[in-house]
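Here the structure comes first, spelled out in structure tokens, and everything after it is commentary.
Counting convention: from 1, in listed order, for ligands and their atoms alike. No experiment lies behind these values; they were computed from the predicted model shown. Sequence positions, counted from 1, serve as the residue numbers for this chain.
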Amino acid sequence: MTRPLIKICGLSTPQTLDAALDAGAAMIGLVFFAKSPRNVPLDQAARLADRARGKAEIAALTVDADDGLIADIMREVRPDWLQLHGSETPERCAELKARHGVKVMKALGVSQATDVEKAAGYAGVVDKLLFDAKPPKDAVLPGGNGVAFDWTLLRGLDLGVPVMLSGGLNPQTVAEALRISGVNEVDVSSGVERERGVKDETLIRAFIAEAERAGEETR
Ligand SMILES: O=C(O)c1ccccc1NCC(=O)[C@H](O)[C@H](O)COP(=O)(O)O
């Protein structure tokens, strides 16, 4: 396996952002969803994005956001990616991609094989698919819940678009997740936090080290 692509999501401070960048994260995620403890105001996100620019790709994460919020994010933050983590249709993804000239990553919730099959409708439209666990019934958030799904469901997947594995990963499980799923891109939020919404530099570094160790083992 080549060196895995690693995304650290839900960053909100310069210190934890720097830890992710220094450790080799290829992508960082900034959350624009008011109900999330990781939500960042536009001005703070703009500063974080400028700090990351040129060192890692920047993903702006929204959930069924309206045109106004997305326009504000594109103007102030200038992300490389829009991560659409709500019920956005392939048509909405295509519309935002065309309007803003930005790469689009669609997040899809997975609990069973039929959920993965639904990805086919997005494959020819978006630039990446992020498979995350479906949120628990009582969840407030559509993602960032620290819940994992059956990684074997992604094995052998060939959609013609890059696939990122997400959902409940942590430093102890990420190597196994890469091996079992056969996917070479991973994303994490809760698993590198010492409390909900508070990223931990040591956990970030450990997650990246463990993911990279898996990549070395399977070369
Ligand atoms: O992280 C959030 O707070 C969040 C809120 C609303 C929608 C999506 C959210 N996160 C999306 C991500 O890309 C997370 O990294 C992904 O869901 C994995 O989260 P976790 O299981 O906590 O590692």
More than 12 heavy atoms from other groups under 6.0 Å of CG on D43
yes
Are the charged groups of E185 and K128 less than 4.0 angstrom apart, N to O?
yes
Distance under 4.0 Å, heavy atoms only, partner ligand 1: which residues pass?
K7, C9, F33, S36, R38, L61, V63, Q83, H85, D132, L141, P142, G143, G144, N145, G146, V147, S166, G167, G168, D187, V188, S189, S190
Show your reasoning for whether side chain to side chain contact (heavy atoms under 4.5 Å, CB included) applies to L84 and T62.
CA-CA 5 Å; L84 305 177; T62 60; 3.5 Å; yes
Do S189 and R38 get their side chains close enough for a donor-acceptor pair, meaning under 3.5 Å?
yes
Should the pair R99-D67 be classified as a salt bridge under the 4.0 Å nitrogen-to-oxygen rule?
yes
Any side-chain heavy atom of L159 sitting closer than 4.5 Å to one from Y122?
no
